[in-house]
Engineer: 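The structure follows.
In this text the structure is predicted, and so the values were computed from the model without any measurement. Protein chains get the first letters and strands the later ones, always in sequence-line order, with residue 1 at the start of each. For the numbers below, each heavy atom of this structure counts, side chains included, while hydrogens, waters and symmetry mates do not.
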Amino acid sequence: MRMSRYFLPVLKEDPAEAAIVSHRLMLRAGMIKQSSAGIYSWLPMGYKVLRKIEDIVHEEQAKAGHMPMLMPTIQSADLWRESGRYDDYGEEMLRIKDRHDRDMLFTPTAEELITDIFRSHVSSYKDLPLTLYQIQWKFRDERRPRFGVMRGREFYMKDGYNFDLTKEDALHAYNRHLVSYLRTYERMGLQAIPMRADSGPIGGDDTHEFLVLAETGESEVFYDSAVTDLTFGDREIDFDDVAQCQSIMEEFTTKYARTDETHDEALFNEVPEERRRTARGIEVGQIFYFGTKYSDAMNAKVQGPDGKPVAVHMGSHGIGVSRLLGAIIEASHDDKGIIWPEGVTPYHVGIVNLKQGDEEADTACESLYKEFTAAGLEPLYDDRKERAGGKFATMDLIGLPWRITVGPRGLKNGVVELTSRKTGESTEMTPAEAVARVKDIYAGA
RNA sequence: CGGGCUAUAGCGCAGCUUGGUAGCGCGUUCGUCUGGGGGACGAGAGGUCGCAGGUUCGAAUCCUGCUAGCCCGACCA
């Protein structure tokens, strides 16, 4: 992408409406524009990152054997009456009427609809296990939306649902999700710690929330510092291997890590004092096992091996895709702007031409641009007729992890500069070396 | 939903107390000079002062009502 052609309305000053850093930076970096309270338009730069995050979620879901699909945002109230949640959900559910005066709603989650689809088409235990998911817009009419996309009313969420014959099978599905989520967040450059949580209106006994530690987090969290030493890494996973998923689940959930909802002071005090931590966290996902709550209420049964009907065991799992943008920025920024982790960066590398119009500089930039594109990477080339300072400030603000600076001074010696956004370190090298270096960095990611 | 605050140009703000027909910085357009961390000079464009009503010869300014947004608390991907 050439910046001269890009729609990137960056702001030099902080908008008054934004109180926390991720919101401020998303507005300043031209990623989002508020449309009304808790509802945002996603401008090209924001949309680009949103899709990157979405892609990672899809890829990791596919690895775990889960099937993507898409359900409508507007649903009939009837199904929700069947589960009893039409009354339980309260003011957070946006209720609307169609022209025939029928009660409709904007989906806050989709257990009812997926259960209805399931019961219409699945009747044998032989079709189990089954896990379906979607990434779709949700609406919850929050009393007080705030913090930009971190707590919007409209938000983009991955929501998945598993159907299993027995509790044991459903708990494997639970573990499988926990494992796949660990890798999903890690790929985004985040450490998201699974913490024992409270189930809320979805119901059920077993549930973990994934929290990213950040000062601006809405939840208070208590944990054993040993959990932050755990990393998922590149390990090979067989998602059908019950024992493997179980052991990874135990590895990541045995040490004390709870939100204030489930915090147990006595248990916490068993953690060695030097490892006890109290912090704040941003919830970026949650997994549930809720047994037959919905299958009983909505008569979702399959025939078991003995020919008798059995209510299926279910669980649901969510990742707050749009919230993740805020969470990642909260966890990765400095006073100049965003610092995107390589896994989610909107563009892989920025090219700054210090003297637009200088024949040599222009040619060098064009050739870098072509080489990156040919290598399957996406460069963002600042080809505007701006001064160096302005170009650097913009690059720092939007936070691409790597920047190549091209100017007449360096080209005289045959070199350009490769700069890390994170460390600020610059290294001079030939353009060919810079291309190889950047290709190398992303080949590993 | 309780408490507090705000609404004037794309963004950040002043003007309101004491009514006289709107201003500053940034951004933006054009020109000249500049050119390795938001440069200088000159010339422009851009506003039904959130909406509705009232007081007044006259309202951004005073009064009433409404709407929207933000912050703090109780609730949530």
Side-chain angles (χ1 to χ4, degrees), chain A residues 9-20 23-24 27-28 30 33-39 57 89-93 107-110 135-160 181 192 197-202 207 209-212 217-219 259-261 281-288 316-327 336-337 352-358 361 382 384-397 403 405-412 415-417 419 424 426 428:
Chain A
V10 300
L11 302 173
K12 217 163 161 178
E13 284 170 284
D14 283 330
E17 72 199 57
I20 65 164
H23 190 194
R24 270 204 306 273
L27 290 167
R28 286 196 51 206
K33 166 149 175 38
Q34 179 166 329
S35 151
S36 55
I39 302 179
V57 174
Y89 223 97
E91 296 281 299
E92 277 200 8
M93 187 153 74
T107 178
T109 171
I135 300 180
Q136 176 63 295
W137 292 96
K138 304 292 186 300
F139 196 93
R140 294 186 191 173
D141 202 357
E142 298 279 343
R143 281 174 189 161
R144 189 185 157 208
R146 64 190 124 160
F147 303 153
V149 300
M150 296 254 282
R151 193 175 177 72
R153 291 193 292 171
E154 187 180 55
F155 58 98
Y156 203 42
M157 181 173 92
K158 174 260 172 179
D159 49 320
Y181 276 23
D198 191 46
S199 64
I202 291 179
T207 178
E209 283 179 348
F210 289 78
L211 285 109
V212 173
E218 290 194 86
S219 322
T259 65
D260 48 4
E261 292 167 338
I282 300 164
E283 192 193 330
V284 293
Q286 189 161 12
I287 53 176
F288 301 89
S316 70
H317 340 87
I319 293 180
V321 174
S322 50
R323 172 179 285 185
L324 273 165
L325 275 88
K336 293 182 194 154
V352 170
N353 186 344
L354 289 173
K355 193 164 185 185
Q356 205 71 43
D358 177 273
D382 193 344
R384 297 171 303 161
K385 221 172 156 39
E386 292 289 321
R387 299 173 66 83
K391 291 192 176 189
F392 289 139
T394 301
M395 278 294 174
D396 288 344
L397 174 63
R403 182 186 84 203
T405 310
V406 180
R409 202 178 287 174
L411 287 175
K412 220 169 279 171
V415 297
V416 296
E417 242 172 60
T419 307
S426 286
E428 291 196 336

Engineer: Provide the Watson-Crick or G-U wobble partner of B:C5, both distances under 3.5 Å; none if there is no partner.
Structural biologist: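 B:G69 is the nucleotide pairing with B:C5.
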Engineer: With a non-hydrogen cut-off below 4.0 angstrom, is A:Gly152 in contact with a base, only sugar-phosphate, or nothing?
Structural biologist: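 The answer is base, as A:Gly152 lies within the cut-off (heavy atoms under 4.0 Å) of a base atom.
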Engineer: Locate the shortest heavy-atom distance separating A:Gly217 from A:Ile282; write the atom from each residue and the value.
Structural biologist: CA-CG1, 3.6 Å
Engineer: Using the P atoms only, state how far B:G15 lies from B:U61, rounded to an integer number of Å.
Structural biologist: 15 Å
Engineer: Are any of the side-chain nitrogens in A:Arg151 or A:Glu142 under 4.0 Å away from the carboxylate oxygens of its partner?
Structural biologist: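 Salt bridge between A:Arg151 and A:Glu142, a charged N being under 4.0 Å from a carboxylate O: yes.
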Engineer: Please state how far atom CZ in A:Arg143 lies from atom C1' in B:G69, giving the value in whole angstrom units.
Structural biologist: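 After rounding, the reported distance stands at 20 Å.
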Engineer: How far apart are the closest heavy atoms of A:Asn353 and A:Lys391, and which atoms are they?
Structural biologist: O-NZ, 2.7 Å
Engineer: Find which nucleotide of RNA chain B each of A:Gly410 and A:Arg323 is nearest to by heavy atoms, and output the residue with the more 5' nucleotide.
Structural biologist: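 It is A:Gly410 whose nearest nucleotide is closer to the 5' end.
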Engineer: Considering non-hydrogen atoms only, spot the tightest contact between A:Pro108 and A:Arg140 and give its length.
Structural biologist: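 Result for this residue pair: O-NH2, 2.7 Å.
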Engineer: If the cut-off is 4.0 Å, is A:Gln34 near the phosphate of B:A68, judged by side-chain N/O to OP1 or OP2?
Structural biologist: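 For B:A68, OP1/OP2 do not have a side-chain N/O of A:Gln34 under 4.0 Å.
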Engineer: If you assign A:Leu397 and A:Val149 each to the RNA chain B nucleotide with the nearest heavy atom, which residue ends up on the more 5' nucleotide?
Structural biologist: A:Leu397
Engineer: Going by purine N1 to pyrimidine N3 plus the second Watson-Crick contact, or the G-U wobble pair, all under 3.5 Å, which nucleotide sits opposite B:A14?
Structural biologist: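 B:A14 is paired with nothing.
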Engineer: Determine which nucleotide pairs with B:A22, using a 3.5 Å limit on both distances of a Watson-Crick or G-U wobble pair.
Structural biologist: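 Answer to the pairing question: none, since B:A22 forms no Watson-Crick or G-U pair.
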Engineer: With sugar-phosphate meaning primed atoms plus P, OP1 and OP2, does A:Gly390 contact a base, only sugar-phosphate, or nothing at under 4.0 Å between heavy atoms?
Structural biologist: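 It contacts base atoms.
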Engineer: In Watson-Crick or G-U wobble terms, both distances under 3.5 Å, what is the partner of B:C76?
Structural biologist: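 Its partner: none found.
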Engineer: Distance check, C1' atoms only: B:A7 and B:C51, in whole angstrom units.
Structural biologist: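 After rounding to an integer number of Å, I get 11 Å for this pair.
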Engineer: Counting side-chain heavy atoms from CB outward, which of B:G36, B:G38, B:C75 is closest to A:Glu92?
Structural biologist: B:C75
Engineer: Measure from the side-chain heavy atoms of A:Ala388 and tell me the nearest of B:G38, B:G36, B:C76.
Structural biologist: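 Looking only at side-chain atoms, A:Ala388 lies closest to B:G36.
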Engineer: Which whole-number value in Å describes the distance from A:Glu386 CD to B:G36 C1'?
Structural biologist: 15 Å
Engineer: Given the C1' atoms of B:G25 and B:G31, what is the spacing between them in whole Å?
Structural biologist: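 Each nucleotide's C1' atom is 22 Å from the other's.
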Engineer: A:Arg146 has a side chain; which of B:A77, B:G35, B:C75 sits nearest to it?
Structural biologist: B:C75
Engineer: Taking atom P of B:A77 as reference, at what distance in whole Å does atom CZ of A:Arg153 sit?
Structural biologist: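 One finds 17 Å between P of B:A77 and CZ of A:Arg153, rounded.
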Engineer: In the structure shown, which nucleotide is the Watson-Crick or G-U wobble counterpart of B:U32, with both distances under 3.5 Å?
Structural biologist: B:A40
Engineer: Taking any heavy-atom pair under 4.0 Å as a contact, classify A:Glu13: base, sugar-phosphate, or nothing.
Structural biologist: base
Engineer: Applying the 5.5 Å / 30° rule, does A:Phe392 stack onto the base of B:G38?
Structural biologist: no
Engineer: Classify the nucleic acid contact of A:Gly90 as base, sugar-phosphate or nothing, counting any heavy atom under 4.0 Å across all strands shown.
Structural biologist: nothing
Engineer: Which part of the nucleic acid does A:Gly285 contact within heavy-atom distance under 4.0 Å: base, sugar-phosphate only, or nothing?
Structural biologist: sugar-phosphate
Engineer: Give me the atom names and distance for the closest heavy-atom approach of A:Ala388 to A:Leu354.
Structural biologist: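 Closest heavy-atom pair between A:Ala388 and A:Leu354: CB-CD2, 3.5 Å.
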Engineer: For nucleotides B:G39 and B:A77, find the distance between their P atoms and express it as a whole number of Å.
Structural biologist: 46 Å
Engineer: Would you measure the distance from the C1' atom in B:G36 across to the matching atom in B:U32 and give it in whole Å?
Structural biologist: 23 Å
Engineer: Side chain of A:Phe288, heavy atoms from C-beta onward: which of B:A77, B:G36, B:C76 has the nearest atom to it?
Structural biologist: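 Of the options given, the side chain of A:Phe288 lies nearest B:A77.
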Engineer: What is the nucleic acid contact for A:Ala16, judged by heavy atoms within less than 4.0 Å: base, sugar-phosphate only, or nothing?
Structural biologist: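 Sugar-phosphate, backbone atoms only, no base.
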Engineer: Reckon A:Asp159 touches a base, only the sugar-phosphate, or nothing at all at heavy-atom distances under 4.0 Å?
Structural biologist: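 Touches nothing.
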Engineer: Say we look at B:U21 and B:G47: how far apart would their C1' atoms be, to the nearest angstrom?
Structural biologist: 13 Å
Engineer: Identify which nucleotide among B:G38, B:G35, B:A77 has an atom closest to any side-chain atom of A:Lys385, counting heavy atoms from C-beta outward.
Structural biologist: B:G35
Engineer: Does A:Arg144 have a side-chain nitrogen or oxygen under 4.0 Å from the phosphate oxygens OP1 or OP2 of B:C72?
Structural biologist: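 For A:Arg144, the contact criterion (side-chain N or O under 4.0 Å from OP1 or OP2 of B:C72) is met.
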Engineer: Rounded to whole angstrom, note down the P distance from B:A68 over to B:C62.
Structural biologist: 23 Å
Engineer: Select one nucleotide: of B:G12, B:A77, B:C76, the one nearest the side-chain heavy atoms of A:Pro15.
Structural biologist: B:G12
Engineer: Taking only the C1' atom of each, what is the distance from B:A60 to B:A52 in whole angstrom?
Structural biologist: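 My reading of the C1' atoms in B:A60 and B:A52 gives 16 Å.
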Engineer: Answer with base, sugar-phosphate or nothing: what part of the nucleic acid does A:Arg403 contact at a heavy-atom distance below 4.0 Å?
Structural biologist: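 Base: the residue A:Arg403, judged by heavy atoms under 4.0 Å, touches a nucleobase.
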Engineer: Where the side chain of A:Met157 is concerned, which of B:C71, B:A77, B:G69 is the nearest nucleotide?
Structural biologist: B:A77
Engineer: Between A:Arg409 and B:G36, is there a contact of a side-chain N or O with OP1 or OP2 at under 4.0 Å?
Structural biologist: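 Checking B:G36 against A:Arg409, a side-chain N or O does come within under 4.0 Å of OP1 or OP2.
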Engineer: Using the side-chain heavy atoms of A:Arg140, tell me which of these nucleotides is nearest: B:C75, B:G37, B:A77.
Structural biologist: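 Among the listed nucleotides, the one closest to the side chain of A:Arg140 is B:A77.
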Engineer: Does a side-chain N or O of A:Lys12 approach OP1 or OP2 of B:G27 to a distance below 4.0 Å, or not?
Structural biologist: yes
